[in-house]
*Asks:* 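Below: one structure in structure tokens.
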Amino acid sequence: MARLPHDFYLRDAREVARDLLGRTLVTTIDGLRTSGQIIETEAYLGKEDMASHAFRGLTGRNSAMFLSGGHAYIYFIYGMYHCFNVVTGDEGTGEAVLIRGLRPIDGVETMRMRRGGTPRHDTALTDGPGKLTIALGIGPALNGTDLNDDPRIWIDEGSPLGADEILATPRIGITKSMEHPWRWIAASAIRPKRGESTT
DNA sequence: CCTGCGATATTCT
DNA sequence: GAATATCGCAGGC
């Protein structure tokens, strides 16, 4: 297993978002290792994307989003949760990929402890952007850190998914720029419900 | 299974 | 004062 190389992140956020599916997000926080397979991502661009935090330029909260590709952008949302993003592209661009869902691999007991319970399925520990940061111990201390060399957090090569294993949909929880299908999810993670079409 | 709502910091109007 | 890249709980079916 090997950490994703620096160049991986120096691309358009939409490319990186698809390529991150199947990879492994790993943290070692307070001496506890936790990891999960990335199964859901969303791309947010810079000034051309009205739904992006970067659309209105630099603020106190979003400054890490303007670092160069490969840094972590962690923001506080709804006064309660943290969301983890991977910055992509060149410094100053303001593009990032929001990690929205994982399939737990290592440290499941640690995740249960941090999340305060044992759900019926392990995937419920990490099946939302605010939930997976709690489960993996990702907090504001990691905002702006470099995923290429920080010992506390990195992304392993894992096994990228093929195009036929990936579904694209509109992004979740936004009210602007909804016409763009910039959410990607592993087909294997779709519940047998009234889901997205498999086109 | 589903829908509605409250919590609450940062940013914008 | 309103909106927001969310979540868990209460209640209805």
Side-chain angles (χ1 to χ4, degrees), chain A residues 9 12-18 20-21 25 34 36 38-67 69 71-89 93-104 111-144 147 153 155 167-186 189-196:
Chain A
Y9 304 106
D12 184 289
R14 293 162 291 192
E15 257 183 82
V16 176
R18 276 170 295 197
L20 280 173
L21 293 176
L25 177 61
T34 49
I38 297 170
I39 56 174
E40 183 180 351
T41 61
E42 283 178 359
Y44 287 88
L45 305 188
K47 61 179 182 180
E48 66 268 51
D49 180 4
M50 287 197 298
S52 171
H53 288 170
F55 178 69
R56 298 175 188 282
L58 195 66
T59 68
R61 180 173 74 156
N62 72 10
S63 61
M65 197 173 176
F66 292 89
L67 297 172
H71 287 84
Y73 165 46
I74 296 159
Y75 65 86
F76 195 40
I77 188 67
Y78 293 114
M80 230 176 289
Y81 300 102
H82 292 278
C83 292
F84 169 70
N85 298 251
V86 178
V87 179
T88 73
T93 308
E95 294 190 11
V97 176
L98 171 66
I99 307 301
R100 289 192 56 89
L102 302 175
R103 195 174 277 135
M111 296 186 196
R112 290 176 181 146
M113 175 187 65
R114 289 178 177 149
R115 293 267 301 127
T118 304
R120 300 212 293 289
H121 299 285
D122 286 344
T123 55
L125 291 165
T126 53
D127 65 353
K131 295 163 75 170
L132 69 89
T133 53
I134 295 171
L136 271 66
I138 298 172
L142 295 178
N143 187 39
L147 300 175
I153 183 168
I155 301 177
L167 304 179
T169 84
R171 293 172 290 183
I172 301 294
I174 61 169
T175 58
K176 299 170 192 163
S177 299
M178 297 182 66
E179 68 275 19
H180 299 120
W182 291 345
R183 170 182 179 245
W184 291 275
I185 183 164
I190 295 293
R191 306 173 195 181
K193 218 49 217 167
R194 58 161 208 241
E196 292 82 350

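Remember, it's a predicted structure, so these values are computed and weren't measured experimentally. Letters A, B, ... are given to chains in the order of the sequence lines, protein chains preceding strands, and every chain is numbered from 1. Any value given below was found using the heavy atoms of this structure, including those in side chains, with hydrogens, waters and symmetry copies removed.
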*Asks:* In whole angstrom, give me the gap between the P atoms of C/dA5 and B/dT13.
*Replies:* 13 Å

*Asks:* Would you tell me if any nitrogen or oxygen in the side chain of A/S52 comes within less than 4.0 Å of OP1 or OP2 on C/dA5?
*Replies:* no

*Asks:* Mind checking A/G79 for me? I need base, sugar-phosphate or nothing, with any heavy atom below 4.0 Å counting as a touch.
*Replies:* base

*Asks:* How many whole angstroms separate atom CZ of A/R120 from atom C1' of B/dC1?
*Replies:* 11 Å

*Asks:* Quick one: are A/I77 and A/R61 in side-chain contact, heavy atoms under 4.5 Å?
*Replies:* yes

*Asks:* Taking the side chain as everything from C-beta on, heavy atoms only, tell me whether A/I153 gets closer than 4.5 Å to A/L147.
*Replies:* yes

*Asks:* What's A/L98 touching, base or sugar-phosphate or nothing? Going by heavy atoms closer than 4.0 Å.
*Replies:* base

*Asks:* Rounded to the nearest Å, what distance is computed from the OH atom of residue A/Y44 to the P atom of nucleotide C/dT4?
*Replies:* 12 Å

*Asks:* Expressed in angstrom and rounded to an integer, what is the separation of A/I174 atom CD1 from C/dA3 atom C1'?
*Replies:* 14 Å

*Asks:* Would you mind telling me which residue lines up with the more 5' stretch of DNA chain C, A/I172 or A/I134, judged by nearest nucleotide?
*Replies:* A/I172

*Asks:* Describe the nucleic acid contact of A/F76 in one word from base, sugar-phosphate, nothing, applying a heavy-atom distance below 4.0 Å.
*Replies:* sugar-phosphate

*Asks:* Is A/R100 close enough to C/dT6 that one of its side-chain N or O atoms is under 4.0 Å from OP1 or OP2 there?
*Replies:* yes

*Asks:* Would you say that A/H82 contacts A/I138 through its side chain, given a criterion of any heavy-atom pair below 4.5 Å between the two side chains?
*Replies:* no

*Asks:* CD1 of A/I77 versus P of B/dG6: gap in Å, rounded?
*Replies:* 18 Å

*Asks:* Between A/T175 and A/G128, which is nearer to the 5' end of DNA chain C once each is assigned its nearest nucleotide?
*Replies:* A/T175

*Asks:* Are the side chains of A/E42 and A/P129 in touch, meaning some heavy atoms are under 4.5 Å apart?
*Replies:* no

*Asks:* The side chain of A/K131 lies closest to which of these nucleotides: B/dT8, C/dG8, C/dT4?
*Replies:* C/dG8

*Asks:* At under 4.0 Å between heavy atoms, what does A/R61 touch on the DNA or RNA strands: base, sugar-phosphate, or nothing?
*Replies:* sugar-phosphate

*Asks:* Evaluate the criterion side chain to side chain contact (heavy atoms under 4.5 Å, CB included) for residue pair A/D49 and A/R171; output intermediate values, then yes/no.
*Replies:* CA-CA 12 Å; A/D49 180 4; A/R171 293 172 290 183; 2.8 Å; yes

*Asks:* Without decimals, in angstroms, what is the distance between A/H82 NE2 and B/dT8 C1'?
*Replies:* 12 Å

*Asks:* So, do A/Y78 and C/dT6 meet the stacking rule of ring centres under 5.5 Å and planes under 30°?
*Replies:* yes

*Asks:* Please determine, for the side chain of A/M65, which listed nucleotide (C/dC7, C/dA5, B/dT8) has the closest atom?
*Replies:* C/dA5

*Asks:* In dot-bracket form, 5' to 3', how is DNA chain B paired? Count Watson-Crick and G-U wobble pairs only if both distances fall under 3.5 Å, and write | where the partner sits on another strand.
*Replies:* |||||||.||||.

*Asks:* Just how far, in rounded Å, is C1' of B/dT10 from CG of A/N143?
*Replies:* 14 Å

*Asks:* Distance check: side-chain N/O of A/R56 vs OP1/OP2 of B/dT13, anything under 4.0 Å?
*Replies:* yes

*Asks:* Less than 4.5 Å apart, any side-chain heavy atom of A/T126 and any of A/L136?
*Replies:* yes

*Asks:* Give the ring-plane orientation class for A/Y73 versus A/Y75, where under 30° counts as parallel, over 60° as perpendicular and anything between as tilted.
*Replies:* tilted

*Asks:* Is A/K176 close enough to C/dA5 that one of its side-chain N or O atoms is under 4.0 Å from OP1 or OP2 there?
*Replies:* no

*Asks:* How many angstroms lie between CZ in A/F55 and OH in A/Y44, if you round to the nearest 0.5 Å?
*Replies:* 14.5 Å

*Asks:* Please state how far atom CG in A/N62 lies from atom C1' in B/dC12, giving the value in whole angstrom units.
*Replies:* 13 Å

*Asks:* What nucleic acid atoms does A/M50 come within less than 4.0 Å of, heavy atoms only: base, sugar-phosphate, or nothing?
*Replies:* nothing

*Asks:* Within a strict 4.5 Å, meaning less than it, do heavy atoms of the A/I74 and A/T133 side chains meet?
*Replies:* no

*Asks:* What is the distance, rounded to the nearest whole Å, between atom CD1 of A/I74 and atom P of C/dT6?
*Replies:* 16 Å

*Asks:* Among the nucleotides C/dT4, C/dC7, C/dA5, which one has an atom lying closest to any side-chain atom of A/N85?
*Replies:* C/dA5

